[in-house]
Amino acid sequence: MKTNWLIGGLAGVFALGALAFVQGGGAEGEAIAAESGQPIAFPHDQHAGSEAGQNNMNCQFCHFSAERSVDAGIPPVSTCWGCHQVVQGTTPEQQAEISKIQEYVEHGDPIPWNRIYKISDHAHFPHMRHVNAGLECQQCHGEVQEMGVLSERDPVWGGDNMGWCVDCHRQPDPETGLQQASTDCAVCHY
Ligand code: HEC
Ligand code: HEC
Ligand code: HEC
Ligand code: HEC
Ligand code: HEC
């Protein structure tokens with residue numbers, strides 16, 4: 001247990017180094033992008049939605065490290081470019097947003113996404129432990145596949161509130177009847 005956790009922690013450190021987050025990134029461009037504070041108005045519903053005509057992509061196609069690392073991971077611009085070299089959009093608004101992808105590729109810059117969900121540095125949240133325990137992304141992040149551009153915290157979000165974490169950890173494990181996860185201070189604060 002301890003060893004796994006250590007390896008997971010180290011993997012997380014490397015994953016963090018590769019993340020493309022830049023605080024306070026540019027918010028010029030189209031109205032929606034500006035309003036959301038994101039550099040590109042990236043709509044989750046058009047990529048991960050399940051309704052007819054939408055693309056129904058698996059969350060982990062883009063959030064590639066959720067089951068093996070502390071961080072879920074944000075896709076590099078090459079993931080976007082893999083489709084958007086061909087998919088240019090139909091409306092002028094879509095085309096304007098999508099053309100920004102090419103600019104980032106040409107300049108060799110990561111897209112400076114603004115981080116939305118974040119807990120304080122004194123607490124640690126390992127995605128892989130939760131994903132491997134069978135929890136769905138939606139239990140914590142809400143119905144992301146139905147959301148347009150993410151800009152605000154989802155109402156179900158409670159990650160900046162210790163009680164939210166501890167309440168779930170205290171729930172009994174269906175098999176053993178014991179609490180399903182530790183509430184020792186040191187598992188989350190170290
Ligand atoms: C095509 C790639 C792609 C797919 C598929 C995708 N996402 Fe994302 N996701 C992104 C990008 C890019 C961002 C950063 C921009 C933003 O916040 O919208 C992001 C951001 C997020 C964030 C906020 C991260 C933060 O800044 O705190 C959450 C939560 C999230 N995605 C969950 C999901 C879930 C759940 C699914 C599946 C239902 C999913 N995503 C599917 C690309 C994707
Ligand atoms: C698997 C293919 C695929 C990947 C990967 C992908 N997209 Fe898309 N994206 C699409 C499709 C299909 C559409 C719908 C475009 C249309 O209707 O013409 C779309 C639409 C969009 C739009 C326009 C939405 C609107 O309504 O204005 C933006 C912006 C966008 N994608 C950005 C991104 C970004 C940024 C990434 C990387 C994080 C990304 N996409 C990754 C396939 C993809
Ligand atoms: C048990 C609750 C929980 C589950 C389940 C969960 N997350 Fe998270 N997620 C969080 C918390 C808490 C944070 C903030 C972590 C931090 O600040 O260190 C977060 C942050 C993120 C981020 C932003 C930074 C990063 O790369 O980690 C993304 C993207 C994300 N989650 C996507 C997902 C996806 C996709 C899934 C499903 C595969 C998922 N999450 C499952 C609670 C959860
Ligand atoms: C399951 C994970 C978890 C456990 C167990 C846990 N904490 Fe926390 N704690 C958190 C998170 C998450 C926050 C909020 C971080 C933030 O502000 O984003 C927090 C916040 C705090 C704060 C800051 C004040 C506050 O309430 O926001 C203190 C002090 C604290 N914890 C002490 C403790 C002590 C003492 C224990 C053991 C009795 C403990 N924690 C157990 C996750 C945990
Ligand atoms: C919806 C339920 C749920 C929520 C919310 C949740 N967790 Fe967990 N967490 C779990 C489960 C279940 C496990 C046990 C996984 C396992 O057995 O490996 C776990 C395991 C963990 C572990 C590993 C514990 C160990 O013994 O090594 C840490 C650390 C952790 N969670 C931190 C957090 C923090 C911090 C938050 C809040 C930001 C949080 N969790 C919110 C369900 C949850």
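In each ligand, atom 1 is the first atom listed, and ligand 1 is the first ligand listed.
- The heavy atom nearest to atom 5 (C) of ligand 4, out of those in Asp121, Asn161, Asp184, is found in Asp184.
- With a 4.0 Å cut-off on non-hydrogen atoms, Ile101 touches ligand 2 through its side chain and not its backbone.
- The nearest heavy-atom contact from the protein to atom 11 (C) of ligand 2 is Asn55 ND2, 3.5 Å.
- Side chains of Gln145 and Gln138: a donor-acceptor N/O pair is present below 3.5 angstrom, by distance only.
- Looking only at protein heavy atoms, the nearest one to atom 24 (C) of ligand 2 is Pro43 CG, 3.5 Å.
- Of all the heavy atoms of Glu93, none lies under 4.0 Å from any atom of ligand 2, so neither backbone nor side chain is involved.
- Nearest protein heavy-atom contact of atom 38 (C) of ligand 4 is Cys185 SG, 2.8 Å.
- Atoms of ligand 4 found under 4.0 Å from any heavy atom of Cys188 (numbered from 1 in listed order, with element): 1 (C), 2 (C), 3 (C), 4 (C), 5 (C), 42 (C), 43 (C).
- Of all protein heavy atoms, the one lying nearest to atom 27 (O) of ligand 2 is Gln94 CG, 3.2 Å.
- With a 4.0 Å heavy-atom cut-off, ligand 2 is reached by the backbone of Cys80 and by its side chain too.
- Ranking protein heavy atoms by distance to atom 4 (C) of ligand 2, first place goes to Cys83 SG, 3.2 Å.
- If you look at Asp167 next to ligand 5, there are no close heavy atoms at all, none under 4.0 Å.
- Hydrophobic clustering places Val105 together with Ile40 (ILVMFWY residues linked when any side-chain heavy atoms are closer than 4.5 Å, directly or through intermediates).
- One finds the CD atom of Gln85 at 12.0 Å from the SG atom of Cys80 (value rounded to the nearest 0.5 Å).
- Contact check for Gln88 versus His84: no side-chain heavy atoms found under the 4.5 Å cut-off.
- The contact set between ligand 5 and His124, taken as ligand atoms under 4.0 Å from a residue heavy atom, comprises 32 (C), 35 (C).
- Rounding to the nearest 0.5 Å places NE2 of His63 at 9.0 Å from NE2 of His127.
- For Gln95 and Ser99, the side-chain atoms include no donor-acceptor pair closer than 3.5 Å.
- The distance from the CZ atom of Arg68 to the CD atom of Gln60 is 9.0 Å, given to the nearest 0.5 Å.
- Placement of Val131 and Met128 in two distinct hydrophobic clusters is found when ILVMFWY residues are connected by side-chain heavy-atom separations under 4.5 Å, directly or transitively.
- Not a single heavy atom of Lys118 sits under 4.0 Å from any atom of ligand 4.
- Under 4.0 angstrom from ligand 5, the non-hydrogen atoms of Ala133 all belong to its side chain.
- In terms of protein heavy-atom proximity, atom 16 (C) of ligand 4 is closest to Ser120 OG, 2.9 Å.
- By the 4.5 Å heavy-atom criterion applied to side chains, Tyr104 and Pro39 are counted as neighbours.
- Protein heavy atom nearest atom 22 (C) of ligand 4, with residue, atom name and distance: His122 CE1, 3.9 Å.
- Neither the backbone nor the side chain of Cys62 comes within 4.0 Å of ligand 2, counting heavy atoms alone.
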Open item on the list: What verdict does the ring-ring contact (aromatic ring centres under 6.0 Å, His included) test give for Phe125 and His130, after you've listed the backbone C-alpha separation in whole Å, the side-chain angles of each residue and the deciding distance to 0.1 Å?
Closed with: CA-CA 9 Å; Phe125 177 82; His130 296 87; 4.3 Å; yes
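- Here the straight-line distance linking atom CG of Asp184 with atom OH of Tyr190 works out to 14.0 Å at 0.5 Å rounding.
- Near Glu97, meaning under 4.0 Å from one of its heavy atoms, ligand 2 places the atoms 29 (C).
- Each of the following atoms of ligand 2 lies closer than 4.0 Å to a heavy atom of Met57: 1 (C), 5 (C).
- Contact detail for Gly177 and Pro172: the closest heavy-atom pair is O-CB, 3.7 Å.
- Side chains of Gln179 and Thr183: a donor on one and an acceptor on the other come within 3.5 Å.
- Residue Gly89 approaches ligand 2 through these ligand atoms, each under 4.0 Å from one of its heavy atoms: 18 (O).
- Less than 4.0 angstrom separates some heavy atom of Thr90 from each of these atoms of ligand 2: 18 (O).
- Taking all heavy atoms of Val77, Val87, Thr79 into account, the minimum distance to atom 15 (C) of ligand 2 is reached by Val87.
- Closest to atom 29 (C) of ligand 2, if we only count protein heavy atoms, is Ala41 O, 3.4 Å.
- For atom 13 (C) of ligand 4, a protein heavy-atom neighbour is present inside the 4.0 Å cut-off.
- If you look at Gln46 next to ligand 2, the close heavy atoms, those under 4.0 Å, all belong to the side chain.
- Side-chain contact between Val77 and Gln102 is absent, with no heavy atoms from C-beta onward closer than 4.5 Å.
- Those atoms of ligand 4 with a heavy atom of Thr183 less than 4.0 angstrom away are 5 (C).
- Linking ILVMFWY side-chain heavy atoms closer than 4.5 Å, directly or via other members, places Ile119 and Met162 in two distinct hydrophobic clusters.
- By the criterion of a heavy-atom distance under 4.0 Å, the side chain of His169, and not its backbone, is placed next to ligand 4.
- Here the angle centred on atom 8 (Fe) of ligand 2, running from NE2 of His84 over to NE2 of His47, is 180°, rounded to 10°.
- Every N/O-N/O distance between Ser182 and ligand 4 stays at or above 3.5 Å.
- Counting heavy atoms closer than 4.0 Å to ligand 4, residue Ala123 contributes side-chain atoms (C-beta onward) but none from N, CA, C or O.
- Here Phe42 contributes atom CZ and Trp113 contributes atom CH2; the two are 6.5 Å apart, rounded to the nearest 0.5 Å.
- Within ligand 5, counting atoms from 1 as listed, the ones closer than 4.0 Å to a heavy atom of Gln180 are 12 (C), 14 (C).
- Compare His130, Gln171, Arg129 by their heavy atoms: the one nearest to atom 23 (C) of ligand 5 is in Arg129.
- The main-chain N or O of Cys185 is never found under 3.5 Å from a side-chain atom of His189 such that the two would form a donor-acceptor pair.
- Cluster membership check: Met57 does not share its hydrophobic cluster with Val144, using side-chain heavy-atom separations under 4.5 Å among Ile, Leu, Val, Met, Phe, Trp and Tyr.
- Scanning the protein for heavy atoms near atom 8 (Fe) of ligand 4, the closest one is His189 NE2, 2.0 Å.
- In terms of protein heavy-atom proximity, atom 26 (O) of ligand 4 is closest to Met162 CB, 4.9 Å.
- Two different hydrophobic clusters hold Val166 and Val187 under the rule that ILVMFWY side chains link at heavy-atom gaps under 4.5 Å.
- Every atom of ligand 5 with a heavy atom of Val187 under 4.0 Å away is listed here by number and element: 29 (C).
- Heavy-atom contacts from other residues, nucleotides or ligands closer than 6.0 Å to CD of Glu175 number 12 or fewer.
- We find the CG-CZ distance between Asp71 and Phe64 to be 9.0 Å, quoted to the nearest 0.5 Å.
- Within a 4.0 Å radius of atom 41 (C) of ligand 4, the protein has at least one heavy atom.
- Here the heavy atom of the protein found nearest to atom 28 (C) of ligand 2 is Ile98 CG1, 3.6 Å.
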